[in-house]
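Contents: one structure, followed by commentary.
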Amino acid sequence: MQTIAERLKIAQSQLEAFSYQANRAPTDVQLLAVSKTKPVSDIVQAYESGQRRFGENYVQEGVEKIIALQQLEHIEWHFIGPLQSNKTRLVAEHFDWMQSLDRVKIASRLNEQRSPHAHPLQVCIQVNIDNEEQKSGVTPTAVMELADAVSQCKRLNLRGLMCIPKATGEQLRNSFCAMQTLYVRLKQVYPQVDTLSMGMSADLQQAIAAGSTMVRLGTAIFGPREKK
Ligand SMILES: *Cc1c(COP(=O)(O)O)cnc(C)c1O
C-alpha cells in the first residue's frame, strides 16, 4: 500500500512529465487534491507533504473539514460540486474558491453573502462541454453571459472555467480543445482569468496537452472512495 505522501509525489511527477511533453512549464499546472468523503487525517497527511489546495463536493462535509483544519496556514479550499441556492451561504462564508458556478442566481447570492472583510471568492464557471442533459454547467454559448454577470459582482473574482467531460477518445480531445478555445476567448475579455480546471486521473495527459492549468485528482491521491 502506498502512502498519501508517495501517491502525491507520483502525481506531481506525472504532472511534470505531461507538462514537459506538452512544451509547458511544470509550474503551469496546479494540482487540486479532491478530498471528498475522506477523513481530516488524510488531508493532514497530504498537507504535511506540501499539498495546499483541496477540493470538496458536499457543502456540509466540506465546511466541517474547513473548520477542523482552520489552524493550517495557507490551506486553500475549492468547492467543486453541485450547489443548491439554499446552501450558498456556507460556501460564501467558508470556501476560497467556487469552481462549479453555473447560474446568475447562485453568483448573486454568493456575492451578497461573501463578507466584505474576506478575500473575494475566486470563481470558475462550470461548462457542460458535452451538452449532457443530467450534468450541471452552462452551455458553451452561455459562458460569456454568465461571465459578464460575475464580473459585475464585487465580492467575486472571475478566474476561469471548469469542466467534467463525458466523452472519451477522440471526442474527449475535441471537448478539451473546445474548452481551450472558450478559455482563450474569456481571457481576452477578462485579463485576470488564469485558470482552466480540467483533467482527472484518467485524462490528465490530454487535459494538460489542451492547456489545463489545474487538474483535479481524488482517487489517485487518497485511494478509492466508498460509495455514498
Ligand atoms: C470526485 C471529483 C474529482 C476527482 O475524481 P477522481 O476520479 O477520484 O480522481 C474531480 N473533479 C470533480 C468535480 C469531482 O467531483
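One-based numbering, in listed order, for ligands and for the atoms of each. A quick note: this is a predicted structure, and the numbers were derived from the prediction, not measured.
For Asn57, every heavy-atom contact with ligand 1 shorter than 4.0 Å involves the side chain, none the backbone.
Cation-pi contact between Arg7 and Phe222: absent, since separation from the ring centre below 6.0 Å together with deviation from the ring axis within 45° is not met.
For the residue pair Ser19 / Arg24, no side-chain donor-acceptor distance below 3.5 Å is found, with atom types taken as modelled. Side-chain contact, Gln99 with Gln126: no donor N or O sits under 3.5 Å from an acceptor N or O. In this structure, a donor-acceptor pair under 3.5 Å is present between the side chains of His78 and Glu76.
Closest to atom 11 (N) of ligand 1, if we only count protein heavy atoms, is Arg216 NE, 2.8 Å. Nearest non-hydrogen protein atom to atom 13 (C) of ligand 1 is Ile164 CD1, 3.5 Å. Of all protein heavy atoms, the one closest to atom 5 (O) of ligand 1 is Met200 CE, 3.5 Å. Of the protein's non-hydrogen atoms, the one nearest atom 4 (C) of ligand 1 is Gly218 N, 3.7 Å. Ranking the protein heavy atoms by distance from atom 7 (O) of ligand 1 puts Thr219 OG1, 3.8 Å first. Residue, atom and distance of the protein heavy atom nearest to atom 14 (C) of ligand 1 are Lys36 NZ, 3.0 Å.
With rounding to the nearest 0.5 Å, the separation of CD1 in Ile221 from OG in Ser201 is 8.0 Å. If you take CZ on Arg89 and NE2 on His94, they are separated by 10.0 Å, rounding to the nearest 0.5 Å.
The shell of residues lying under 4.0 angstrom from ligand 1, judged by heavy atoms, excludes Gln99. Using a 4.0 Å cutoff on heavy atoms, Ser201 counts as a contact of ligand 1.
Annotation for Gln134: atom CD does not count as buried by contact number, only 12 or fewer foreign heavy atoms lying within 6.0 Å.
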